[in-house]
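All values below were derived from every heavy atom in this structure, side-chain atoms included, with hydrogens, water molecules and symmetry-related copies excluded. What you see is a predicted model, and the numbers here were worked out from it, not measured in a lab.
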Amino acid sequence: MSPSTSKKDTKVVVVGGAGTIGSSTALHLLRNGYTPSNITVLDTYEIPSAQSAGNDLNKIMGIRLRNPADIQLSMEARDMWLNDEVFKPYFHNTGRLDCGHTPEEIEGLKKAYETSINAGVGLEKTAEWLDSEDEILKKMPLLDREQIKGWKAVWSSDGGWLAAAKAINSIAEVLKKEGVKFGFGGAGSFKAPLFAADGTTCNGVETVDGTKYYADKVVLAAGAWSPTLVDLEEQCISKAWVYAHMQLTPEEAAEFKDTPVVYNGDLGFFFEPNEYGIIKVCDEFPGFTRFKQHQPYGASAPKKVSVPRSHAKHPTDTIPLESEASIGRAVDAFLPRFKDKKRFNQALCWCTDTADANLLICEHPKWKNFILATGDSGHSFKLLPNIGKHVVELIEGTLSEELKESWKWRPGSGDALKSRRAAAARDLADLPGWNHDGETDSIAASIDQLKLSEEETARTGGGPAVEI
């Protein structure tokens, strides 16, 4: 056994978060030779966490390049979705159709297309500019010609959708089989770091029930909850987006089988129905916050923090009234034949944005051995197969300088409330229709219709949740 392997054999790592980045990190610790019993994954809920945005029916897969780090990560992810046995059953390579109809959207599409074909990584073979309704309908004939007048699009044959909850559960099966340890409930809910005598070297974590886990390295991969757990100095702001499901008949679902993901930056997007005929529709907007006075660990006093509200803990929550209307607008444009079809499981899904939409993956500047792995900015799920590899590189001191620079600690570097979106997020306190606390008899029937039964939960991949 080599000295480096021996060192890995004895190193203890605690991963806080059983969602996208946390599960990927645990998998890559295993693949890099760490002893399974020295790896512990913590979460309030069992893996795949019910508080993970990745615990979802589906997510978009596509290659979108903003910088060299995106190129590397996206291409790595695509290859693993196609070839890695843990992940490839969950990639539905149906293609992706990015559409636009306003001058600004069309200009943005052209720039994205040109960036892709000029990247030098072979995307000119998989990307195609579509300049007319006829060309768009050749790729997706079930769109309505009247609804797409003036649209332009970029077709990506290497895109499609990912069966999200199933993919995380595939990792969970590997972790459990290999003997990775877990802590859930109060024993898995982060309270505070533990420190050595110097007060700055992290040597574990304490959870809310008082359990103490000692470790050589701690990774906090808590997604939208990260800014509530430790003070990130406004680098990350947690925001909610919304979605709804519709149930197709077997005949309708058969007609839509193998259709591409259709995305429009003004309207939203929708997916091919899953094997049970459930189709998911999302609108597109800058997101919702939920600011509260809150004191995360490390903050000197309470301050305004956008605090996620878990659908797992608040199952009667739905979506704001204006979101019901905007999802309806997306349905009218994409799927007008279904405009009168009942929508169910309408829910908020939480992620956390950084100002530049790059991840925040770094050692905490004040706490040695405490690793932050968050800041997904709504686009990290496609990186499920490979993001953990780079977290492990950070743990081992081998992360590339390029990724270190992209993911560094960077307070004051921009406005995470707006991020790279068209406008700043709005607060849920100003929006009616989503919070049904205290309402029982008057809405019991509608809530029963919106809540998933156990069978429906299995069919939809775990139901609504937030990212960890």
Side-chain angles (χ1 to χ4, degrees), residues 4 7-8 11 13-34 39 41 52-54 59 61-84 86-87 119 121 162 167-168 170-171 174-175 180 215-223 226 232 235-236 351-354 356-365 368-410 467-468:
S4 62
K7 188 174 181 180
K8 289 181 182 180
K11 185 172 287 187
V13 182
V14 168
V15 179
T20 302
I21 299 180
S23 63
S24 182
T25 297
L27 176 68
H28 283 279
L29 287 167
L30 280 179
R31 290 184 171 185
N32 279 270
Y34 289 75
I39 304 166
V41 178
S52 170
K59 299 292 187 188
M61 177 61 195
I63 310 297
R64 291 294 174 269
L65 310 178
R66 298 167 299 176
N67 53 51
D70 278 345
I71 296 173
Q72 174 190 348
L73 296 169
S74 296
M75 300 304 287
E76 281 179 359
R78 184 190 68 175
D79 290 346
M80 290 185 73
W81 283 113
L82 288 170
N83 300 304
D84 191 296
V86 172
F87 300 103
V121 292
L162 309 165
I168 296 180
S170 181
I171 294 178
V174 173
L175 301 182
V180 168
D216 298 292
K217 298 282 184 179
V218 171
V219 179
L220 184 67
S226 301
L232 298 182
Q235 292 173 92
C236 295
C351 301
T352 188
D353 275 4
T354 62
D356 59 5
N358 282 316
L359 292 158
L360 180 66
I361 299 181
C362 62
E363 185 176 58
H364 194 286
K368 184 179 179 182
N369 298 331
F370 189 88
I371 306 295
L372 298 164
T374 187
D376 57 278
S377 301
H379 65 86
S380 70
F381 189 83
K382 71 178 179 184
L383 305 180
L384 176 70
N386 61 315
I387 191 60
K389 179 181 81 168
H390 300 294
V391 177
V392 174
E393 289 171 350
L394 178 63
I395 290 172
E396 297 182 346
T398 61
L399 184 66
S400 73
E401 290 301 318
E402 183 177 76
L403 293 181
K404 279 184 186 178
E405 180 64 23
S406 293
W407 298 343
K408 67 184 180 182
W409 181 265
R410 49 193 189 277
E467 179 111 35
I468 274 184

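H390 contributes no side-chain N or O that, together with a main-chain N or O of I361, makes up a donor-acceptor pair within less than 3.5 Å. In this structure, the side chain of K382 engages the main chain of G62 through a donor-acceptor pair within 3.5 Å. In terms of modelled atom types and a separation under 3.5 Å, the side chain of K8 and the main chain of N32 share a donor-acceptor contact. The closest donor-acceptor contact from the side chain of S400 to the backbone of L403 lies under 3.5 Å. The closest donor-acceptor contact from the side chain of E393 to the backbone of T398 lies at 3.5 Å or more, if one exists at all. T20 places no side-chain N or O within 3.5 Å of a backbone atom of F381 that could act as its donor or acceptor partner.
Between the CE atom of M75 and the CD1 atom of I63 there is a distance of 6.0 Å, given to the nearest 0.5 Å. Considering CG of L30 and OG1 of T25, their distance stands at 11.5 Å, rounded to 0.5 Å. Distance CG/L175 to CG/L29: 9.5 Å, rounded to 0.5 Å. If you take CH2 on W409 and CG on L360, they are separated by 6.5 Å, rounding to the nearest 0.5 Å.
Using a 4.5 Å heavy-atom cutoff, the side chains of S170 and F87 are not in contact.
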Inset, instruction - Please assess Y34 against V392 for the test side chain to side chain contact (heavy atoms under 4.5 Å, CB included), listing each intermediate value before the final yes or no. - result: CA-CA 10 Å; Y34 289 75; V392 174; 4.3 Å; yes

